[in-house]
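Just the heavy atoms: all of them, side chains too, but no hydrogens, waters or symmetry mates, feed the values below. Each chain gets a letter, A, B and so on, in the order its sequence line appears, and its residues count up from 1.
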There are 2 protein chains.
Amino acid sequence: MTTRTPKKQEIHDRELRIMELAREMLLTGGYHGLSLDSLAAELGVSRGTIYNHFKCKEEIILALLIETMDRRREMFQRAAGYQGVPRVRLAAIGVAAELFVRLYPDHFRVEQIVKSDSIWDKTTEERRSLVKTCQMQCVGIVAGIVRDGMAQGHVTLPEGMTPEALVFGLWSMTEGAYSIIATSDAVKELGISDPFRSIRLNIHGMVDGFGWTPLQKDLDYHHMMEQVMKDVFPEEYSRLKQAW
Amino acid sequence: MTTRTPKKQEIHDRELRIMELAREMLLTGGYHGLSLDSLAAELGVSRGTIYNHFKCKEEIILALLIETMDRRREMFQRAAGYQGVPRVRLAAIGVAAELFVRLYPDHFRVEQIVKSDSIWDKTTEERRSLVKTCQMQCVGIVAGIVRDGMAQGHVTLPEGMTPEALVFGLWSMTEGAYSIIATSDAVKELGISDPFRSIRLNIHGMVDGFGWTPLQKDLDYHHMMEQVMKDVFPEEYSRLKQAW
DNA sequence: GTACATTCCTGACAATATGTCAAAAAACGA
DNA sequence: TCGTTTTTTGACATATTGTCAGGAATGTAC
C-alpha cells in the first residue's frame with residue numbers, strides 16, 4: 001500500500017522530509033523562520049512542489065501540531081490504563097504530560113504560533129477538526145478517571161463543579177506552566193530550580209484540596225510516579241535520561 | 001511639560017493614535033492584521049513617519065503589551081492593599097486578575113503574539129526589561145501575601161516549596177486558563193458555562209489543599225469577592241457590568 | 001520679517017515573502 | 001512506442017518591512 005509505485009513512495013517520503021525540516025526551521029526561527037523559499041531550496045525542489053503537498057504555510061504548521069498532539073493522546077491513553085486507584089492513575093497522566101513536554105519541547109512553540117496567528121481561516125476544516133478531536137479526547141480520558149474516583153467514593157466535587165471543570169483546572173495549570181517555562185526566564189529568577197517539580201507539588205496540593213483519597217500525605221506519590229515511568233513509559237523514560 | 005510646542009504635542013498625540021489603531025488592527029487580524037501600510041494610510045501619514053516613532057513593528061507590539069501589563073500591576077497593587085487576612089487578600093488578587101482579563105481581553109492576544117514570534121531579538125533592551133520588571137513585580141506582590149500568611153501561621157508549605165513556587169502555580173493556572181478560553185472553544189463543548197467560575201473553584205481548592213486558613217468552607221469567598229470588587233475596583237466593576 | 005539651523009516627513013527603492021499558473025517534464029499505461 | 005495523466009517548474013503578481021536622500025515644515029536669532 002505504501003510502495004505502490006516508486007513515484008508515490010518518493011512523494012510520500014518527501015512529505016515526511018518537508019515536515020521534519022519545517023519543524024526544525026519553525027523551532028529555530030519562529031513563524032518567520034519557516035520560509036518556504038529556504039525550505040524548497042534545502043529540499044532541492046521548487047516552491048511549487050511544496051504547494052502540491054500543503055495548501056499553504058499554515059497547513060504545514062497545523063500538520064506539525066497534529067503530529068505531536070496525537071503522540072500525547074497516545075501517551076495519555078497508556079497512562080490512563082495503569083493499574084491502581086483513580087488518584088494514582090491521575091498521577092500517571094501527570095507523568096505522561098510531563099514526559100511529553102520534556103521529550104517534545106518544540107511542540108509548545110508550534111502551539112503558541114497556532115494560537116497567536118489568525119491561521120485558522122486559511123486552514124482546511126479537516127485539519128482543524130482533527131485538532132479539536134484530539135483535544136477533546138485528552139480531556140475525556142482524564143475526566144473518565146475523575147468519574148471513576150467519584151464513583152468509588154474517593155472524591156466528592158463541590159456543588160456545581162463537574163469533572164470537566166476539574167480537568168479544565170489541571171489542563172490550565174500544566175498548559176500555563178509549560179508556556180511560562182518555555183517563553184520566560186522568570187522561573188529561574190524566582191529561584192525555582194525545578195519548575196516541573198513545583199507544578200507537581202501544586203497539582204498534588206490542588207487534588208488534595210478536593211479531598212481526593214488517598215491524600216498526598218498517605219501515599220508516596222514521588223516514588224509512585226517513578227514506578228509509573230518505568231512501567232508505562234520505559235522507552236520514553238530512557239530517552240529522556242539520555243537527553244539529560 | 002506636555003505642551004512644550006504645538007509640534008511636540010502633535011507628535012505625542014500621534015503616538016497615542018498609532019498605538020490605539022495598532023491595537024485595534026492586531027486584535028482583529030492578529031500579527032498579520034497589523035500592516036504598517038494600512039496603519040500609515042489610516043492615520044494619513046507616510047510609513048516613514050511611523051518608523052520615526054517605533055524602530056520596528058515588533059516594538060509597537062511590545063509597547064502595547066507593556067501598556068496593559070502596567071495596568072494589571074497597578075490593579076494587583078490595589079488588591080494587595082485590601083484590608084483583611086492574607087487569604088482574603090489573595091482572593092482579592094484573583095478578583096484583580098479576573099477583572100483585568102475581562103476588561104482587556106485583547107491583552108492576551110498581544111501576549112500570545114509576543115510569545116509565539118521570535119520578536120525579542122528585534123526589540124530594544126529597554127522595552128524588554130520593562131516587560132520583565134512588570135512580571136517580577138506582579139509575582140513579588142503575590143509572594144508577599146503568601147509570606148504574610150506563613151508569618152501569621154495561617155499556612156505552612158510542604159517541605160522544599162517556596163512561596164514563589166506557589167505563586168508560580170497560581171500564575172500558571174490563570175495564564176493557562178485565560179489562554180485556553182481565548183483561543184479554543186473547547187470550554188463550551190466541555191459544558192463549562194462559566195469558565196471563570198471554574199477557575200475560581202479550582203484555585204480555592206488548591207489553596208485549601210495547602211491548608212491555608214480560613215478554608216473555603218469556613219468563609220463565603222463568593223460574597224467576599226463581590227465586596228472586594230465594590231470596594232477596590234468600583235470603576236472597573238461598573239465598566240464590566242456595562243459591557244455585559 | 002528674514003535668514004539660518006534643526007527637526008520632521010515623504011515616497012521611491014531594495015529586499016524578501018507568499019501564492020498562482022501555464023507550460024515543460026516526467027511518469028504511467030496499453 | 002505513443003498518447004494520457006500526473007508532477008514539477010520558475011516566472012509573475014502582489015504584499016510587506018525597513019531604509020534613506022532629499023525636500024518641507026518648524027523653530028530661533030536678530
Side-chain angles (χ1 to χ4, degrees), chain A residues 2-18 21-22 25-26 28-64 113 116-124 127, chain B residues 1-18 21-22 25-26 28-64 113-114 116-124 127:
Chain A
T2 49
T3 330
R4 184 74 116 230
T5 70
K7 187 64 187 173
K8 295 285 177 199
Q9 180 66 35
E10 183 198 328
I11 291 176
H12 178 256
D13 288 352
R14 185 169 49 215
E15 187 146 321
L16 296 184
R17 281 200 300 148
I18 290 175
L21 224 144
M25 296 174 90
L26 209 59
T28 54
Y31 180 88
H32 292 101
L34 173 53
S35 143
L36 298 201
D37 255 324
S38 328
L39 184 68
E42 195 102 6
L43 251 62
V45 296
S46 77
R47 225 183 31 258
T49 301
I50 307 278
Y51 281 93
N52 256 5
H53 289 265
F54 297 94
K55 217 174 109 274
C56 60
K57 183 171 166 174
E58 280 71 16
E59 278 275 297
I60 300 178
I61 297 176
L62 219 53
L64 292 174
I113 289 166
S116 83
D117 210 76
S118 52
I119 74 166
W120 296 89
D121 315 328
K122 298 194 193 169
T123 54
T124 59
R127 276 224 168 75
Chain B
M1 194 196 295
T2 50
T3 330
R4 185 71 120 237
T5 69
K7 188 63 186 173
K8 295 283 178 200
Q9 179 66 35
E10 183 197 327
I11 292 175
H12 179 256
D13 287 354
R14 186 170 47 215
E15 188 146 321
L16 296 184
R17 281 200 300 148
I18 290 174
L21 224 144
M25 295 172 91
L26 209 59
T28 54
Y31 180 88
H32 292 100
L34 172 54
S35 145
L36 298 201
D37 255 326
S38 329
L39 184 67
E42 194 103 7
L43 252 61
V45 297
S46 78
R47 226 185 27 260
T49 301
I50 307 277
Y51 281 93
N52 256 4
H53 289 266
F54 297 95
K55 214 175 112 272
C56 61
K57 182 171 166 174
E58 279 72 15
E59 278 274 297
I60 300 178
I61 297 176
L62 220 53
L64 292 175
I113 290 167
V114 170
S116 84
D117 209 77
S118 52
I119 74 165
W120 296 90
D121 316 327
K122 297 193 193 171
T123 53
T124 60
R127 276 225 168 75

Minimum heavy-atom separation for R14(B) to T49(B), with atom names?
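Between these two residues, the closest heavy atoms are CZ-CG2, 3.7 Å.
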Partner set under side chain to side chain donor-acceptor pair (under 3.5 Å) for N52(A), not counting sequence neighbours:
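Per chain and number, N52(A) pairs via side chain to side chain donor-acceptor pair (under 3.5 Å) with no residue.
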Rounded distance (Å) that lies between atom [atom2] of [N] and atom [atom1] of [X]:
| X | N | atom1 | atom2 | value |
| --- | --- | --- | --- | --- |
| D37(B) | dA12(C) | CG | C1' | 13 Å |
| I11(B) | dC8(C) | CD1 | P | 5 Å |
| N52(A) | dG19(C) | CG | C1' | 13 Å |
| L36(B) | dA15(C) | CG | C1' | 16 Å |
| L39(B) | dC9(C) | CG | P | 14 Å |
| Y31(A) | dA17(C) | OH | P | 12 Å |

On DNA chain D, reading 5' to 3', which nucleotide is the first and which the last to sit with an atom under 4.0 Å from a heavy atom of chain B, could you check?
dT17(D) to dG27(D)
The residue among L36(A), L26(A), L21(A) that forms side chain to side chain contact (heavy atoms under 4.5 Å, CB included) with I60(A) is L36(A)
Using the ring pair (Phe, Tyr, Trp, His ring centres under 6.0 Å) rule, collect all pairs that involve residues 32-59 of chain B, keeping only residues at least two apart or in two chains.
Y31(A)-H32(B)
For [X], give me all partners under side chain to side chain contact (heavy atoms under 4.5 Å, CB included), at least two apart in sequence or on another chain.
| X | result |
| --- | --- |
| T124(A) | K55(A), E59(A), E126(A), R127(A) |
| D13(B) | Q9(B) |
| T28(B) | none |

Please tabulate, one pair per line, each protein N/O and nucleotide N/O from nucleotides 25-30 of chain C that are separated by under 3.5 Å, including the distance.
residue : atom : partner : partner atom : Å
dC28(C) : OP1  : T5(A)   : OG1          : 3.3

Qualifying residues under salt bridge (charged side-chain N to carboxylate O under 4.0 Å, His left out), relative to K122(A), sequence neighbours excluded
E58(A)
Near DNA chain D, counting only heavy atoms under 4.0 Å, which residues of residues 40-51 of chain A show up?
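When residues 40-51 of chain A is checked for heavy atoms under 4.0 Å from DNA chain D, the hits, listed by number, are V45(A), S46(A), G48(A), T49(A).
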Where along residues 54-64 of chain A does a heavy atom fall under 4.0 Å from DNA chain C?
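By residue number: C56(A), K57(A), E58(A).
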